[in-house]
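In what follows, a single structure is set out as structure tokens and then discussed.
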Amino acid sequence: MDAAIEVSGLTAYYGSREVLKGLTFGIPRLMTTVVVGGSGCGKTTLLKHLIGLLKPAKGTINVKCGCTSDKCGKDITMMDDAALIEFKKKMGVLFQGAALLNSLSLADNVALPLREHTQLKQPIIDIIVRMKLDLVGLTGFGDYYPAQLSGGMKKRAGIARAMAMDPELLFFDEPSAGLDPVTAAGLDELIISLHKTFKLTLVVVTHELASIFTIADYVIMLDAGNIIFIGTIEELKASPNPKVLAFLQRKAEEEPYRPEDYFKIISGS
Amino acid sequence: MKVDLIDNNGVTVVSPSGEIDMYSSPELRKQLLTLIKKKTSTIIIALHDVTYIDSSGIATFVEALKRMMPYKGKLKIAEVPESIMRIFNFSKLDKVFEMYESVDDAIKG
């Protein structure tokens, strides 16, 4: 597999609680990889490590350029601030709440990375902003402010901003969260369309079953900080793993402890 | 990125090579704006040696065409590699720009 990102032994803690337990996997280049799992399984924490927002306790995250050299890859966990900024210019992120700046219009939100990281002149930035807003179906909304938009439109605007610098890597954190099924399906269609048109490696964190089967080429399933499945969408459907089956069949988890253990926990004995 | 300007029987052919990205496109823009300032009637941009073009490159062509329209200048794009043509097709800009298979076709067209 030609991996765009190779992760090895990734371990992370919140306090003394181990939330990612020595994860090792690759993100295939130019494919859509979906990271799935129940709430609290470590999906968003993993994403924050992949984009360099968090440093792991242990492990490496090698971002590869695609050349054939054995030495290809830069470990983002070892990068200084300047190198990390350079890396971040090549990636785009749609955060769970879209993370638009409420005091800026949509056009200014999309223009922000271009103004911060390039020497492009205003007429060129204006054209790029209109191109990106059109790409996500928001033509004519450049002068609107985030508060004037629906949840789906905010997500689209967030994608436009994530695409502003023409990234090689695009990360989505729960793109469908909080959206009605029709709007969520529209967003999935947009993700597919972007993937088909541009040379992009996509990583999508989600727990939406419909999205997984619509957009995924490759799936990584997490459970309590461990990888319990990794493979193609066809392999996921054929997986005999009971936890994978339970997730796909939307079965509730078994009771985590016996009644007597629960009594001990709440009574403090 | 390198930009060559060629005079082909009185027609100006702009031939960039390499990657046209957010960092190199300002140079291409500078060259095009110099030609437009002189009200060059026809500019042909030959893309055969371009390995990559990003949004800023496309935006540069859009701005150039917009600035040529008032004096009825023509901006023609020729010899577009397939991977770059996909970007034009997706954005429907292949319907806006005059696109030609070769520079000769663009001169005749």
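Residue numbering restarts at 1 for every chain, and letters A, B, ... go by the order of the sequence lines. Only a predicted model underlies this, so the values are computations on that prediction, with no experimental measurement involved.
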Measuring heavy-atom distances to chain A, does B/Tyr52 have an atom under 4.5 Å in its side chain, in its backbone, in both, or in neither?
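B/Tyr52 touches chain A through side-chain heavy atoms alone.
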Portion of B/Ser83 that has a non-hydrogen atom of chain A nearer than 4.5 angstrom
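Contact with chain A: none, neither part.
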A/Ile125 versus chain B, the contacting section by heavy-atom distance below 4.5 Å
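Contact with chain B: none, neither part.
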So which part of A/Met163 gets closer than 4.5 Å to some heavy atom of chain B, the side chain, the backbone, both or neither?
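Neither part.
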Pair B/Ser55, A/Asp166: side-chain N/O donor-acceptor within cut-off below 3.5 Å:
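Yes - a donor-acceptor pair under 3.5 Å links their side chains.
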Does either side chain, that of A/Ser105 or that of A/Asp143, offer a donor lying less than 3.5 Å from an acceptor on the other one?
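Looking only at side-chain atoms, A/Asp143 and A/Ser105 do not form any donor-acceptor pair under 3.5 Å.
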Would the number of heavy atoms belonging to other residues, nucleotides or ligands and lying under 6.0 Å from NZ of B/Lys66 be above 12?
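No, not enclosed.
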SB check A/Arg115 A/Asp108 (cutoff 4.0 Å)
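Counted as a salt bridge, because a side-chain N and a carboxylate O are separated by less than 4.0 Å.
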